[in-house]
Every structure is written in structure tokens, then in C-alpha cells.
Visitor: 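Sharing a structure here in C-alpha cells format.
All ligand and atom numbering here is 1-based and tracks the order in the structure. Starting from 1, each residue takes its place in the sequence as its number.
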Amino acid sequence: MRVLVGIVLSLAVAMQAAAQEWRFAIEEIQGSVQDAYAQRFAELMAEKSGGRVQVSVYPYGTLGTSAQLTELVQGGAIQLAFASPGHLGSVVPESQIFSLHFLFPEEDAALRRLLERSAALHELLGAAYREKNLDLLAIVTEGWMAWTGNRPLRTPADFGGFKMRTMVSPLLVEAYKAYGANPTPMPYAEVYGALQLNMIDGQVNPVFAIEEMSFYEVQQAMTFPRHLPFIATVVANPQFVATMAPDIREAFDESIAELNDYIFEVQKRFNRERLEKIRASSDIEMVELTDAEREVFRQRSLPVRDTYVEMAGERGRKILDALLQERDAL
Ligand code: 6CS
């Protein structure tokens, strides 16, 4: 009996010794879409590795801004993070493809297929990430974005003198200048205070974020232009991925693949439920743009594709051309 207890104890110690802790930083708070993704990833990895991998999730605010999280992954201090292209433009200019308006399919199935399978994104853009010491693991949509403001935004004239907060990628400034706004880039954590103090007039984000960050409490109107889904990328440190044991690597690849369907359904539900919550707890004005109103913005957005190519160079041009072809072939 004593021998058996001894064996069990030594096995437990050996398993403990073999347990790895992976750090996964997200750019959003607990209860967000990115949190749901990271928590499910942690569960899947624990299950599939038989407890040998424990993933700790670091919510926004615990390790730094989005730009700082990317640096931590590049340097290997953490293994995994969300990196929204809206903040990644100075590091990987090509990633600003995700900031081009009226480019992505409006229909769910088509959008999912494009984000999951596009060679333009996973191979060409993936190579650009890799050159910056980032492995592009997944491309995740978090829902269509709405503009919030101290007034409805139906026309470019409504954007006149409007201080629109954007994420910090340089292309976003050009995207909102094209509508006539005064774009004001800033990190996520500063947005609520800046709205409250009237340092900015509005911001743009998916509905679940507008609810959980309480932006709707300090805004008068929400406009739904369906110009762009919020698209984030999941990145890992390449040396960390390359040196995984083969069975852990298999569990890792399976987990990332399984999360595609999971997170798409989660973001749909979060965005639906939280829109109801905003409606129930505020009298914010909701404005759906007509097709004609959207068309005015779409026309204004088209020259920004040339600006993207200027910023992202020859590879950017190839990514854009290939993505347009893939989209049109869906
Ligand atoms: O607006 C932002 O900065 C942030 N918005 C969302 C929905 N996720 C992360 C990003 O940093």
C-alpha cells in the first residue's frame, strides 16, 4: 500500500513538474468576446493536454495597452494575445486591411468563410506578421461596428467638426478624415473619460463593447452604418509555437480550429443581448442608415484603399487584390 501511495505521489509531482503555464493577454475586460475566446481556449487546452497546460488569462488593464501586449508577445514575456489591427498598424501596416470600410461581406456565412479560409489573409498577411515576430493564429470577428456620438451621423455633413475617437492605427485617421471628421486616436481605456469630458464627440465599436464599457451612458445616438465588422487577430510568439511538444501542438491546433465556430456564435449572442440591454436601460437614439445614406459613405471610403496601398506597400496591394478576388468568388 505504502509503495502504491509513493508511486501515485511521485506521478503527481512529475505531472506538476510537466505542467506549463501559458499567459494569454486580451484587449478587453472580463465578460467580453475576447475573454470568452481566451477562457474557452484555456478549457480546451486543459482538456486536450490532460491538465499539462494551464492557460492564465490577463484581462485588459492588467498588462498594458494593446500596443504593449503585442510587444510582450514579440519579446516572449507572454505566449499569446489578441492584437486588434486597429492598434497594430504601425507594427504591421498590412494588417490595416481590416480597417477598410465597405470591403467585407455583409452576409454571415460569407464573412466567416473569408476570415477562416482566405489565403490572402492567412498566408500573405500571415507572412507580414511573421516578419514582425508574431504568429497569426486566428482572425476573429467580434460583430458589426456602430458609431456612437453626441448626435446621429447620417451624412458626411454630420461629421463636420466631429471629434471621432479611433483606435491608433494610422489608416483609421484617414478613414474618418474621408468622411469629414476630426479623428482622435487614443487607447481603449481612455475613451469613456474622454467622452464624459467632451474631449471627443463619438467613437466606433461593436455593440457588446459599447455596452460593457458604458459608452452608451455618455452618448446621445448610436448609428448603424454596417461599414465594417470589428475584426481582431490572435497572435503567438513564434519561438513558443515552434518549440511545442508534438502532442501539445496537436492539442493547440485543434483548440484554435474549434474556437472559430464557438466564438462566432458567442459574439452574435453578446451583440444581440447587449443591444437589448442598452435599449432597456437608456433612451439613446438608434439610427439605421438607409441604403442611399450608406452609399454616400461607401463612395467616400473608396479612395482610402489607395491610402492603404501607400501605407502597406507592394505586399499590401497584393493582399487587397487577392482578398477582393476571394470575396467576389464567394
Ligand atoms: O476600441 C478599442 O480600442 C477596442 N475595441 C474592442 C471591441 N476590442 C479591443 C480594442 O482595443
Visitor: For atom 11 (O) of ligand 1, which protein heavy atom lies nearest, and how many Å away is it?
Guide: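 Here the closest protein heavy atom is H87 NE2, 3.1 Å.
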Visitor: So if I count the atoms of ligand 1 from 1 in the order they appear, which ones are less than 4.0 Å from some heavy atom of P206?
Guide: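 Those atoms are 7 (C).
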Visitor: Would you tell me which option among F230, F208, F215, F82 has the nearest heavy-atom contact to atom 10 (C) of ligand 1?
Guide: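 Considering heavy atoms of F230, F208, F215, F82, the nearest to atom 10 (C) of ligand 1 sits in F230.
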Visitor: Has ligand 1 got any nitrogen or oxygen that is less than 3.5 angstrom from a nitrogen or oxygen of S84?
Guide: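 No, since none of the N or O atoms of S84 sits under 3.5 Å from an N or O of ligand 1.
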Visitor: Please state which part of A232 comes within less than 4.0 Å of ligand 1, counting heavy atoms only: side chain, backbone, both or neither.
Guide: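 It is neither; nothing of A232 touches ligand 1.
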Visitor: Less than 6.0 Å separating the ring centroids of Y37 and F82?
Guide: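 Centroid distance Y37-F82: below 6.0 Å, so yes.
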Visitor: What atoms of ligand 1 come closer than 4.0 angstrom to any heavy atom of R165?
Guide: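 Once the distances to R165 are compared, the set is 1 (O), 2 (C), 3 (O).
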Visitor: Would W144 and H227 satisfy ring pair (Phe, Tyr, Trp, His ring centres under 6.0 Å), going step by step from the backbone distance to the final call?
Guide: CA-CA 8 Å; W144 288 84; H227 63 304; 7.8 Å; no
Visitor: What are the atoms of ligand 1, with element, lying closer than 4.0 Å to any heavy atom of M167?
Guide: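 What qualifies from ligand 1 is 1 (O), 2 (C), 3 (O).
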Visitor: What are the atoms of ligand 1, with element, lying closer than 4.0 Å to any heavy atom of A209?
Guide: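 Close to A209: 7 (C).
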Visitor: In ligand 1, which numbered atoms sit nearer than 4.0 Å to a non-hydrogen atom of S66?
Guide: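 Heavy-atom distances to S66 below 4.0 Å select 11 (O).
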Visitor: Ring centroids only, cut at 6.0 angstrom: are F24 and F41 within range, meaning strictly under it?
Guide: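 Yes, close enough.
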Visitor: Examine the side chains of S56 and E21 and answer whether a donor and an acceptor come within less than 3.5 Å of each other.
Guide: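 A pair is found: one side chain offers a donor N or O, the other an acceptor, under 3.5 Å apart.
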Visitor: When you measure from atom 5 (N) of ligand 1 to every protein heavy atom, which one gives the shortest distance, and what is it?
Guide: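 Atom 5 (N) of ligand 1 sits closest to the protein heavy atom N205 OD1, 2.9 Å.
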Visitor: Would you check, one step at a time, whether the test side-chain hydrogen bond (donor to acceptor under 3.5 Å, both in side chains) holds for E285 with Q220?
Guide: CA-CA 6 Å; E285 185 181 348; Q220 275 69 53; over 6 Å; no
Visitor: Using a 3.5 Å cut-off on N or O atoms only, is E142 in polar contact with ligand 1?
Guide: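 The answer is no, given that E142 and ligand 1 share no N or O pair closer than 3.5 Å.
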Visitor: Which distance, rounded to the nearest 0.5 Å, do you find between the NE2 of H101 and the CZ of R305?
Guide: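 The NE2 atom of H101 sits 10.5 Å away from the CZ atom of R305.
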Visitor: Please state which protein non-hydrogen atom is closest to atom 8 (N) of ligand 1 and give its distance, to 0.1 Å?
Guide: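 Here the closest protein heavy atom is E28 OE2, 2.6 Å.
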Visitor: Determine whether the aromatic ring centres of F162 and W147 lie less than 6.0 Å apart.
Guide: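 Distance test on ring centres: not under 6.0 Å, no.
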Visitor: Main chain of Q239, side chain of N237: is a donor-acceptor contact present, judged purely on distance under 3.5 Å?
Guide: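 Yes, N237 side chain to Q239 backbone: donor-acceptor pair under 3.5 Å.
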Visitor: Look at atom 2 (C) of ligand 1 and say which protein heavy atom is nearest, naming residue and atom and giving the distance to 0.1 Å.
Guide: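 Of the protein heavy atoms, Y188 CD1, 3.2 Å lies nearest.
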Visitor: After noting the C-alpha distance and the side-chain angles of E258 and N260, does the key distance pass the side-chain hydrogen bond (donor to acceptor under 3.5 Å, both in side chains) rule?
Guide: CA-CA 6 Å; E258 283 177 31; N260 281 332; over 6 Å; no
